[in-house]
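Structure record follows, encoded as structure tokens.
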Amino acid sequence: MSLVAKAPGAGGRRGPSFVMAAPALALFALFALAPMAIVVYLGLTKWDGLATPAWTGLDNWRTALTSGVTRHAVWLTLKFMAISWLVQTPVSLLLGVFVAGRQRYRAVLAVLYFIPLLISSAAVAIIFKNLLDPNFGLGAALHLSWLSQDWLGNPDLAFATIVFVIAWQFVPFHTLLYQAGVRQIPASLYEASAIDGAGRVAQFRYVTLPQLRYTIVTSSTLMLVGSLTYFDLVFVMTGGGPGYATRLLPLDMYITGFQSNQMGLASVVSVILVAAGLVLSLGIVRFSGFSRMRSRQAGA
């Protein structure tokens, strides 16, 4: 059997055939599609994780869509996604442009900026939970009243604290993306703009940002879709509290399934998460033109 496909209407070859992709597709079906099909089925049943699942049809879906707790978790997750993007994107972009310079001290700073990403989310959560403790944390040690607030116990502060901690950990990753993107920009573009009299700000606006268009799309996609998966850090720091102030959708799924023993209802929440991630990523790719990406080098 031929391993290459012929070009339509021609005798030439254009690349590997479906046979070459079959092993990867088989693994994807086994470890992604099959588990997802099982989750969809469990969403139509009543199951506590031990007994035999009992068919209930769309009851779990009706419960999830009308539950005030789940609807609040959806709203909180959307709010978290938007605020995280607004916080992380400009910081990552500016840091990425800064550390892309060839000076030695910028390379040292780039290494230091990357350290938070090397620490596990659970460890980060434990560290910040102790640092922010109003009685024994950093504020109490330094006798700073403004830092001795109940950051994780106050509903008005807990959500913002979670946003800050997650940004602290994941900004380095997106900074690395922007650093790589800036270093791919031809120096001739900056030289030409300098000859035309453009300053640093003008070069950033008219050269750097347009050339980083697809890097911004990639970073935004990873950032927004990744916001649907944050669980361990939030679980360790707040457990979803106080009240429901930080009960994001992934955490709501865990609490529903493993603490309330409603695996069927938790499966519905997981399907909502997967669907939201697919729609979000496909929407960004579609409306950004990323699928039609071409090289932007030297204006190409």
Side-chain angles (χ1 to χ4, degrees), residues 1-6 8 13-61 63-65 70 73-74 77 81 117-118 120-122 166 169-170 173-174 176-177 214 217-236 248-286 288 290-291 293:
M1 179 182 293
S2 175
L3 297 182
V4 295
K6 294 183 178 180
R13 296 176 176 178
R14 66 176 184 182
S17 69
F18 175 79
V19 176
M20 301 294 290
L25 292 175
L27 290 175
F28 178 76
L30 180 62
F31 293 105
L33 297 182
M36 194 63 218
I38 295 174
V39 170
V40 172
Y41 165 74
L42 290 176
L44 302 174
T45 67
K46 181 179 180 180
W47 186 44
D48 61 2
L50 296 175
T52 303
W55 181 266
T56 58
L58 297 176
D59 288 352
N60 288 326
W61 283 91
T63 301
L65 296 177
T70 300
V74 171
T77 302
M81 292 168 59
L117 194 63
L118 303 178
S120 72
S121 295
I166 288 179
Q169 183 179 19
F170 289 100
F173 172 75
H174 299 282
L176 187 64
L177 292 180
Y214 295 118
V217 173
T218 300
S219 173
S220 298
T221 302
L222 294 173
M223 194 179 298
L224 293 173
V225 176
S227 297
L228 297 172
T229 65
Y230 293 133
F231 164 77
D232 44 1
L233 190 146
V234 181
F235 179 74
V236 173
L248 301 177
L249 207 53
L251 193 57
D252 180 63
M253 176 185 66
Y254 171 83
I255 294 174
T256 301
F258 292 95
Q259 294 185 5
S260 300
N261 296 321
Q262 300 181 62
M263 292 295 183
L265 189 56
S267 297
V268 171
V269 177
S270 68
V271 172
I272 294 175
L273 278 171
V274 172
L278 286 175
V279 171
L280 187 62
S281 57
L282 292 176
I284 293 175
V285 170
R286 173 72 175 175
S288 66
F290 189 80
S291 59
M293 181 178 66

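For reference, positions follow the sequence shown, starting with 1. The figures that follow rest on heavy atoms only: side chains count, while hydrogens, waters and symmetry mates do not.
Between T63 and V268, every side-chain heavy-atom pair lies at or beyond the 4.5 Å cut-off. Between L280 and M81, the closest side-chain pair of non-hydrogen atoms falls below 4.5 Å. For the pair L273 and M253, the minimum side-chain heavy-atom distance is below 4.5 Å. Between I166 and L233, some side-chain heavy-atom pair lies under the 4.5 Å cut-off. Counting only heavy atoms from C-beta outward, the side chains of L42 and M263 never approach each other to under 4.5 Å.
Between T45 and P53, the shortest heavy-atom contact is OG1-CB, 3.7 Å. Considering all non-hydrogen atoms of both residues, L177 and L222 come closest at CD1-CD1, 4.1 Å. Of all the heavy atoms in V39 and S267, the pair that sits closest is O-CB, 3.5 Å. Of all non-hydrogen atoms in P250 and L228, the two that sit nearest each other are CG-O, 3.0 Å. Heavy-atom minimum distance, P23 versus V19: CD-O, 3.6 Å. Between I284 and V217, the shortest heavy-atom contact is CG2-CG1, 3.8 Å.
In summary, of the residues considered (V74, L265, T77, V269), a side-chain contact (heavy atoms from CB on, under 4.5 Å) with D252 occurs for V269 alone.
We find the CG-CG distance between L44 and D59 to be 9.5 Å, quoted to the nearest 0.5 Å. Atoms OG and CZ, on S281 and R286 in that order, are 14.0 Å from each other to the nearest 0.5 Å. In this structure, the separation between CG on L248 and OH on Y230 is 10.5 Å, given to the nearest 0.5 Å. Rounded to the nearest 0.5 Å, atoms CG (L176) and CG (L117) are 8.5 Å apart.
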Checklist entry - Stepwise, does the side chain to side chain contact (heavy atoms under 4.5 Å, CB included) test hold for M36 with V271? => result CA-CA 8 Å; M36 194 63 218; V271 172; 3.6 Å; yes
Item to check | Stepwise side chain to side chain contact (heavy atoms under 4.5 Å, CB included) check, F170 with S227 | outcome: CA-CA 11 Å; F170 289 100; S227 297; over 6 Å; no
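Side-chain atoms of D48 do not come within 3.5 Å of backbone N or O of N261 as any donor-acceptor pair. Side-chain atoms of W61 do not come within 3.5 Å of backbone N or O of L65 as any donor-acceptor pair. Between the side chain of T229 and the main chain of V225, no donor-acceptor pair closer than 3.5 Å is present.
Ring-plane geometry between F235 and Y254 is classed as perpendicular, the angle between the planes exceeding 60 degrees on a 0 to 90 degree scale with a lower cut at 30.
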